[in-house]
Every structure is written in C-alpha cells, then in structure tokens.
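Taking it in order: structure first as structure tokens, then the write-up.
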Amino acid sequence: MSTPSTISGLPRQAIAYFIVGGVALCVDWAAFVWMTWLELGTAPANLGARLLGALVAYSLNGLFTFREEGASKLGWQRMLRYGVLWCGMTVASTAALVMVNRVLGVQVAWLAKPLVELVLAACSFLACKYWVYK
C-alpha cells in the first residue's frame with residue numbers, strides 16, 4: 001500500500017533507472033578512460049566499456065528498477081531485447097565519440113562520454129520500461 005511519502009509507479013522507476021544508470025555510467029566511463037589511456041582505439045574502448053556498463057545496468061534494473069512484487073525482471077528473453085537496444089545505443093555512442101576524438105582529441109572524448117551516455121539513457125528509458133523489462 002502506498003503512502004503519500006512513497007514514490008511509486010513511473011516516477012519511482014525513472015528515479016531508480018537514472019540512479020542505476022549513474023552507477024553503470026561510472027563503470028562505463030572509468031573503463032573507457034582506462035582503455036583509451038592504454039592507447040586502445042576509441043571504438044573498441046567504447047565497445048568494451050559499454051559492455052561492462054550494460055552488464056551492471058541490465059542486472060540492477062532487472063533486480064530493482066522494473067521488478068514487480070519482489071520478483072526480478074531478469075531472464076533470457078529480456079536479456080535478448082536488452083542486447084538489441086544496447087547494440088543500437090552503442091552504435092550511436094561510438095559514432096559520436098569517434099567523431100569527437102577525431103575533431104577535438106581523446107581528452108575531450110573522455111569529457112563528452114558522460115554527456116553522450118546521458119542523452120542515450122534518456123532515450124532508452126521508455127524502451128526499457130515498455131519493451132525490455134515488460
């Protein structure tokens with residue numbers, strides 16, 4: 001039963017989604033900076049970093065953000081849908097970061113990555129709510 005002070009439904013899920021996203025972004029960004037610092041190319045570094053962040057985000061969102069009545073929303077079908085969404089978002093993210101790196105350099109790409117990922121997260125929330133974790 002909800003009380004007036006309890007956040008429920010869509011607002012609760014949106015807040016939880018962006019908290020989980022913040023944790024996943026920290027993992028993703030740190031891995032990206034580390035891999036590019038080791039002179040791995042921008043595209044493969046972004047791919048590896050996003051994969052680590054995606055594992056964190058998929059698990060935490062399934063366990064906490066979109067769960068129902070104490071039951072997690074994990075499973076192979078949901079993981080497959082998440083993978084399809086992740087592939088599209090990764091292509092967009094990688095294209096943006098490669099372009100920033102080519103034009104402005106890797107240090108600016110390091111700074112741009114959190115902004116790129118924030119925009120993509122805002123775009124993917126509804127896809128996660130109504131398609132991935134349905």
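Residues satisfying the side chain to side chain donor-acceptor pair (under 3.5 Å) criterion with E39, sequence neighbours excluded, are absent altogether. L51 meets the side chain to side chain contact (heavy atoms under 4.5 Å, CB included) test with W86; sequence neighbours excluded.
With a 4.5 Å cut-off on side-chain heavy atoms, D28 and L52 do not count as touching. At a threshold of 4.5 Å between non-hydrogen side-chain atoms, the residues W76 and L80 do not count as touching.
With a 6.0 Å radius and a threshold of 12 heavy atoms from other residues, nucleotides or ligands, W29 has its CH2 atom at or below the threshold.
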Would you tabulate the side-chain donor-acceptor contacts of residues 61-68 under 3.5 Å, counting partners in other chains and residues two or more places apart, or write 'none'?
from : atom 1 : to  : atom 2 : distance (Å)
N61  : OD1    : T65 : OG1    : 2.7
N61  : ND2    : A57 : O      : 3.2
E68  : OE2    : K73 : NZ     : 3.3

With a cut-off of 3.5 Å and sequence neighbours excluded, list every side-chain donor-acceptor pair involving residues 42-50.
from : atom 1 : to   : atom 2 : distance (Å)
T42  : OG1    : N101 : ND2    : 2.6
N46  : OD1    : K113 : NZ     : 2.5
N46  : ND2    : S93  : OG     : 3.2
N46  : ND2    : T94  : OG1    : 2.7
R50  : NE     : T90  : OG1    : 2.8
R50  : NH1    : E117 : OE1    : 2.3
R50  : NH1    : E117 : OE2    : 3.3
R50  : NH2    : T90  : OG1    : 3.4

Show me the donor-acceptor pairs within less than 3.5 Å that the side chains of residues 126-134 make with the rest of the protein, sequence neighbours left out.
from : atom 1 : to  : atom 2 : distance (Å)
K129 : NZ     : Q13 : OE1    : 2.5
Y133 : OH     : Y58 : O      : 3.0

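Counting only residues at least two apart or on different chains, no salt bridge (charged side-chain N to carboxylate O under 4.0 Å, His left out) pair has a member in residues 13-26. Residue pairs that meet the side chain to side chain donor-acceptor pair (under 3.5 Å) test with at least one member in residues 14-23, sequence neighbours left out, are Y17-S124. For residues 88-106, there are no salt bridge (charged side-chain N to carboxylate O under 4.0 Å, His left out) pairs, not counting sequence neighbours.
Cluster membership for L25 and I15, using ILVMFWY side-chain heavy atoms within less than 4.5 angstrom, is not shared. Linking Ile, Leu, Val, Met, Phe, Trp and Tyr residues whenever their side-chain heavy atoms come within less than 4.5 Å leaves L55 and I19 in two separate clusters. Connection of Y82 to V84 is established within a shared hydrophobic cluster, with ILVMFWY side chains joined at heavy-atom distances below 4.5 Å, either directly or through further cluster members. Put simply, V33 and V106 are part of the same group of oily side chains (I, L, V, M, F, W, Y) that touch within less than 4.5 Å, one to the next. Hydrophobic clustering keeps V98 apart from V119 (ILVMFWY residues linked when any side-chain heavy atoms are closer than 4.5 Å, directly or through intermediates).
A112 approaches V100 most closely through the heavy-atom pair CB-CG1, 4.2 Å. L97 and A109 get closest at one heavy-atom pair: CD2-O, 3.7 Å.
Here the CH2-CD distance, from W37 to Q107, works out to 13.0 Å after rounding to the nearest 0.5 Å.
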